[in-house]
Every structure is written in C-alpha cells, then in structure tokens.
Asks: 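One structure, pasted below without further comment.
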Amino acid sequence: MKKSIRAIVVLIFVVVIALTIRKLNEPKVFSVDGGYRTVMGTFAHVVAVSEDHGIAARSVEAAFDALIFIDEMMSDYKADSELSRLNRDGFPGPVEVSPELFDVLLASVEYSRMSKGAFDITIGPVVDLWKQAERTGRKPTQQQIAAAKSKVGYEKLILKLDGQTRTVRFAVSGMRLDLGAIAKGYAIDLAVSAARKTGASGAIVDVGGDVSCFGITPRSEKHWRVGLQDPADESKTILVLKLAGKAVATSGDYRRFVEIESQRYSHIVDPATSSSAREFTSVSIIAPTAIEADALATCVSVMGLDGGMRLVESLKDVEVLVIPTDRSKDYIYTEGIKKYVDTSQTYAEDSAASRMIAPETPTNE
Ligand code: AMP
Ligand code: MG
C-alpha cells in the first residue's frame with residue numbers, strides 16, 4: 001500500500017518536472033502592439049510577434065511605413081499623390097507610374113473583367129456627383145449623370161508595360177480614377193509582407209476593419225481571432241472568425257452613405273445605373289489576400305446576391321457572408337465560411353451564428 005502511494009507520488013513528480021522542462025524549452029515570444037494610428041482616412045492597428053522584442057517592434061513600424069507609403073501614393077485626397085498626378089495628366093498622357101500603382105491598376109482591370117464591369121475604378125466622375133449631392137442636398141440630374149458616365153469605363157484606361165517602363169493613359173478627357181475600393185487591401189498586403197520580411201513570426205494588420213494576418217499570435221496560437229461588427233450596432237460582434245494566413249474585408253453602406261431627400265445612398269456606385277448599390281447592408285469576404293477580399297467585397301456589393309454569390313463560388317479559397325439591408329431576411333453565406341467561425345464563442349440570440357442559413361446553389365446561366 002505504502003509502496004504504491006510512493007510510486008504515485010514519484011510519478012506525479014516526474015510528470016511535473018517533465019512539463020516544467022517542456023515549458024522552459026518553449027520559445028518565449030514577445031508581441032508589440034503599435035496601437036491605433038490614422039492612415040488612409042481611417043484607423044490602422046498593427047500587432048507583431050517575435051522571439052526577439054526588437055524584431056517585433058521593427059515589424060510593427062515596417063508595416064505602418066508600408067501603409068503610409070501606399071496612402072501617400074494612392075490617396076485622391078492628397079493633391080501631390082501619384083494618383084492625383086495621374087488623374088491630372090492621364091489625358092492626353094501618357095504618364096509614367098510606379099510599379100505599385102501599375103500593379104493596382106492591372107488588378108483593378110482584372111476585377112472589372114471578372115465582375116463584368118460592376119467593379120470599376122474609373123467611376124470617379126460619378127462618385128464626385130454623389131459627393132456634390134451630399135453637399136447640396138439635391139440628387140444629380142440626368143444630364144449630369146449622362147455627362148459623368150461618358151468619362152467612365154475601364155476599357156478607357158490604357159495601361160502599357162514597355163520593358164521597365166509603365167505608362168497609363170486615359171482615352172477621354174475628364175476621367176478620374178478612384179482606388180477607394182482596392183488600395184486599402186493592397187496596402188494591407190504590403191504591410192503584412194513588410195512585417196514578415198522584417199522577421200516577425202506573426203502579425204495582424206487592421207485598416208478600418210479590413211484585416212490580414214499570418215503566423216503565430218501573442219499567445220503562440222496558430223489562429224488569429226477577428227470579430228465582425230454588427231452593421232446595425234457597432235458595439236456588437238456578430239461573429240468571431242479564426243484566421244490563419246488569410247484576410248477579411250467588409251463593404252457596406254452602414255458607415256459610409258449619403259443622405260439626400262431622406263433617402264440613404266451607399267458610397268458604392270453601380271456603374272450600370274450610376275446610382276448607389278442598395279441590395280445589401282454589408283458584404284464580408286474571406287480570401288488569401290487583402291486585395292482580393294477588398295475588391296471582391298465591393299464587386300459583390302454591386303453585383304447583388306445572385307451574381308455576387310456565383311462569382312465567389314467560382315473562385316478558389318474565397319468565402320462570403322452577406323447581411324441583407326432588410327433585417328427580416330437571413331444572412332447568406334458560402335458553406336466554406338463555417339470552418340472559419342469560432343464556435344467556442346457564445347452569441348446573442350439575434351446573432352449570425354444562430355441565423356446563418358445555407359445559400360441556395362447558384363444556378364448557371
Ligand atoms: P469599399 O468600401 O472597399 O467597397 O470601397 C468603396 C469605395 O470605392 C467608394 O467610396 C468609392 O470611392 C469607390 N467605388 C464606388 N463604387 C465603385 C465601383 N463600382 N467600383 C470600384 N470602386 C467603387
Ligand atoms: Mg473594397
């Protein structure tokens with residue numbers, strides 16, 4: 001009897017020592033939280049993880065530098081940005097541009113083709129009309145819309161790569177490129193890659209709710225948890241996603257809209273009608289990169305349910321969650337999104353977790 005008690009005590013002792021040694025051997029990681037800083041007209045938040053505190057701190061700064069670099073280049077609010085210069089001189093052009101801006105323009109044209117014109121960065125002149133309408137409180141007239149429309153169309157954007165020289169030209173006068181639907185995603189990807197190159201073992205970059213992450217978390221976990229806000233109530237989280245090496249972006253009219261004659265107009269414009277996209281409140285896309293997530297969230301917002309779901313279903317590793325404007329309707333999502341939902345969290349009754357329904361299989365036209 002005494003012998004067996006002694007044996008158990010020895011066993012426990014051995015197990016405790018073994019666990020302690022394992023714990024001591026585990027690499028200790030440091031995380032540096034760069035806090036919230038204003039970039040691209042919104043807040044940006046970066047956290048980086050490394051076994052070396054200095055590397056984590058430098059990774060955070062490298063990520064912020066990348067965000068600022070793209071903001072300075074692609075902002076249409078900054079008169080001296082490369083995009084503003086292109087918008088001024090693109091017609092008759094040509095204007096030589098940086099590899100980064102050229103990459104974003106090429107990708108934009110790709111999304112225009114993919115979405116059959118629903119996504120279009122040449123939408124600038126129409127967006128300007130709606131901004132003006134917000135100031136005056138009056139909707140644009142049919143003549144104004146027609147005039148702006150003649151300056152819109154991605155086929156009027158002429159991109160040329162000649163050796164190492166990249167040039168851009170506008171086919172008609174008065175065109176204006178608006179990268180509001182894609183530059184943020186591109187900047188996030190560049191920031192994540194900057195943190196990785198600086199040596200971080202993991203990092204998360206959040207710009208205005210669009211997020212990308214890689215590697216380990218501050219607690220050495222493999223998945224980063226990203227909450228999706230309730231469009232109707234920002235203080236509520238409707239879902240928590242578990243992401244590893246993925247990005248999520250949300251487009252919607254819940255934060256940015258124009259109110260004219262007591263009607264809400266989204267800041268996202270359907271190039272086919274030159275009016276705002278109104279079918280959804282919020283579209284969240286999970287994709288391997290932030291540029292894909294950002295561009296596709298805007299595509300789906302314009303394309304509507306059938307076209308948008310069909311597009312997403314045709315793409316590899318891309319998932320969508322749609323919250324319809326009409327809140328009596330259920331959320332709609334692709335089946336694959338379930339593997340990203342953190343089921344260890346509890347939700348309120350009226351949450352996405354309890355309301356998610358399977359999408360109808362999209363029909364092929
Ligand atoms: P996002 O929040 O990513 O959906 O981007 C919305 C922004 O993209 C708007 O504020 C406009 O600046 C711009 N935009 C509006 N409509 C479109 C469109 N159909 N295609 C591309 N960009 C658009
Ligand atoms: Mg977008």
Side-chain angles (χ1 to χ4, degrees), residues 45 47 49 111 114 184-185 188-189 192-193 195-196 200-207 209-231 236-252 280-301 303 305-324 329-364:
H45 185 202
V47 176
V49 181
Y111 287 108
M114 210 187 269
K184 215 200 286 175
I188 294 171
D189 286 337
V192 163
S193 141
R196 203 194 281 271
S201 314
I204 191 160
V205 177
D206 175 355
V207 183
D210 292 352
V211 179
S212 186
C213 57
F214 80 93
I216 57 164
T217 72
R219 288 203 218 147
S220 296
E221 296 152 326
K222 288 198 190 98
H223 291 92
W224 293 82
R225 284 183 178 73
V226 177
L228 285 189
Q229 255 175 11
D230 183 343
K236 276 194 202 154
T237 301
I238 54 165
L239 265 187
V240 176
L241 299 170
K242 280 172 72 178
L243 301 180
K246 293 271 189 260
V248 59
T250 302
S251 274
F280 304 132
T281 297
S282 139
V283 175
S284 295
I285 297 269
I286 299 177
T289 63
I291 190 170
E292 286 171 275
D294 190 4
L296 288 170
T298 311
C299 287
V300 175
S301 297
M303 293 171 87
L305 196 53
D306 289 348
M309 289 302 277
R310 210 174 303 142
L311 172 65
V312 170
E313 295 276 1
S314 74
L315 301 169
K316 201 173 164 285
D317 291 334
V318 179
E319 307 298 340
V320 63
L321 168 68
V322 171
I323 303 178
K329 290 188 180 157
D330 286 308
Y331 302 129
I332 297 145
Y333 59 96
T334 45
E335 269 303 301
I337 212 159
K338 285 182 180 166
K339 63 177 175 285
Y340 298 109
V341 177
D342 184 356
T343 45
S344 66
Q345 309 283 323
T346 49
Y347 303 102
E349 265 298 288
D350 188 37
S351 70
S354 62
R355 293 184 59 190
M356 279 168 101
I357 52 150
E360 283 173 28
T361 316
T363 49
N364 289 319

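This chain uses plain numbering: 1 for the first residue, then up along the sequence.
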Asks: Quick one: side-chain hydrogen bond (donor to acceptor under 3.5 Å, both in side chains) partners of Thr298, sequence neighbours excluded?
Replies: Ser251
Asks: How long is the span from the OH atom in Tyr340 to the CZ atom in Arg225, to the nearest 0.5 Å?
Replies: 15.5 Å
Asks: Go through the structure and list residues passing side-chain contact (heavy atoms from CB on, under 4.5 Å) with Ala203, not counting sequence neighbours.
Replies: Ala48, Ala195, Phe214
Asks: Which heavy atom of Gly185 sits nearest to which heavy atom of Asp294, and what is that distance?
Replies: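 That would be N-OD2, 3.0 Å.
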Asks: Kindly write out the residues that satisfy side-chain hydrogen bond (donor to acceptor under 3.5 Å, both in side chains) with Ser193, not counting sequence neighbours, or none if the list is empty.
Replies: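 Ser193 satisfies side-chain hydrogen bond (donor to acceptor under 3.5 Å, both in side chains) with no residue once adjacent residues are dropped.
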Asks: To the nearest 0.5 Å, tell me how far Met309 CE sits from Ser314 OG.
Replies: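 So the gap between those two atoms works out to 11.5 Å.
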Asks: For Ala249 and Asp210, work out which heavy atoms get closest and say how close.
Replies: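 Looking at all heavy atoms of both residues, the closest pair is CA-OD1, 3.3 Å.
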Asks: Residues in side-chain contact (heavy atoms from CB on, under 4.5 Å) with Thr289, at least two apart?
Replies: Asp189, Ile291, Glu292
Asks: Measuring from atom NE2 of His45 to atom CD1 of Ile204, what distance do you get when rounded to the nearest 0.5 angstrom?
Replies: 8.5 Å
Asks: With rounding to the nearest 0.5 angstrom, report the CD to CD distance, Glu319 to Glu335.
Replies: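 Here the interatomic distance stands at 9.0 Å.
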Asks: Check whether any side-chain heavy atom of His223 lies under 4.5 Å from a side-chain heavy atom of Asp342, and answer yes or no.
Replies: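 No, side chains not in contact.
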Asks: Just by distance, do the side chain of Ser282 and the backbone of Gly252 share a donor-acceptor pair under 3.5 Å?
Replies: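 Judged by distance alone, no pair lies under 3.5 Å.
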Asks: Holding to salt bridge (Lys or Arg N to Asp or Glu O under 4.0 Å), I want the full list of residues that pass it with Lys316, two or more places apart in sequence or in another chain.
Replies: none
Asks: Which residues pass the side-chain hydrogen bond (donor to acceptor under 3.5 Å, both in side chains) test with Ser212, sequence neighbours left out?
Replies: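 Expected list: none.
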Asks: Is there side-chain contact between Trp224 and Lys246, with at least one heavy-atom pair below 4.5 Å?
Replies: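 Sidechains of Lys246 and Trp224: no contact.
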Asks: What residue among Leu228, Ile285, Ile286, Val248 forms side-chain contact (heavy atoms from CB on, under 4.5 Å) with Leu321?
Replies: Leu228
Asks: If you compare all heavy atoms of Val240 against all heavy atoms of Thr237, which two are closest, and at what distance to 0.1 Å?
Replies: CG2-CG2, 4.0 Å
Asks: In the structure I gave you, are the side-chain heavy atoms of Leu296 and Val312 within less than 4.5 Å of one another anywhere?
Replies: no
Asks: When rounded to the nearest 0.5 angstrom, what distance separates CE in Met114 from CG in Leu315?
Replies: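 Met114 CE to Leu315 CG: 5.5 Å, rounded to 0.5 Å.
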Asks: Are Val49 and Thr217 side-chain neighbours, meaning at least one heavy-atom pair lies under 4.5 Å?
Replies: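 Not touching, per the 4.5 Å side-chain cut-off.
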Asks: Are Ile337 and Leu239 side-chain neighbours, meaning at least one heavy-atom pair lies under 4.5 Å?
Replies: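 They are not in contact (no side-chain heavy atoms under 4.5 Å apart), so the answer is no.
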Asks: How about Val211 and Leu241: do any of their side-chain heavy atoms sit closer than 4.5 Å?
Replies: no
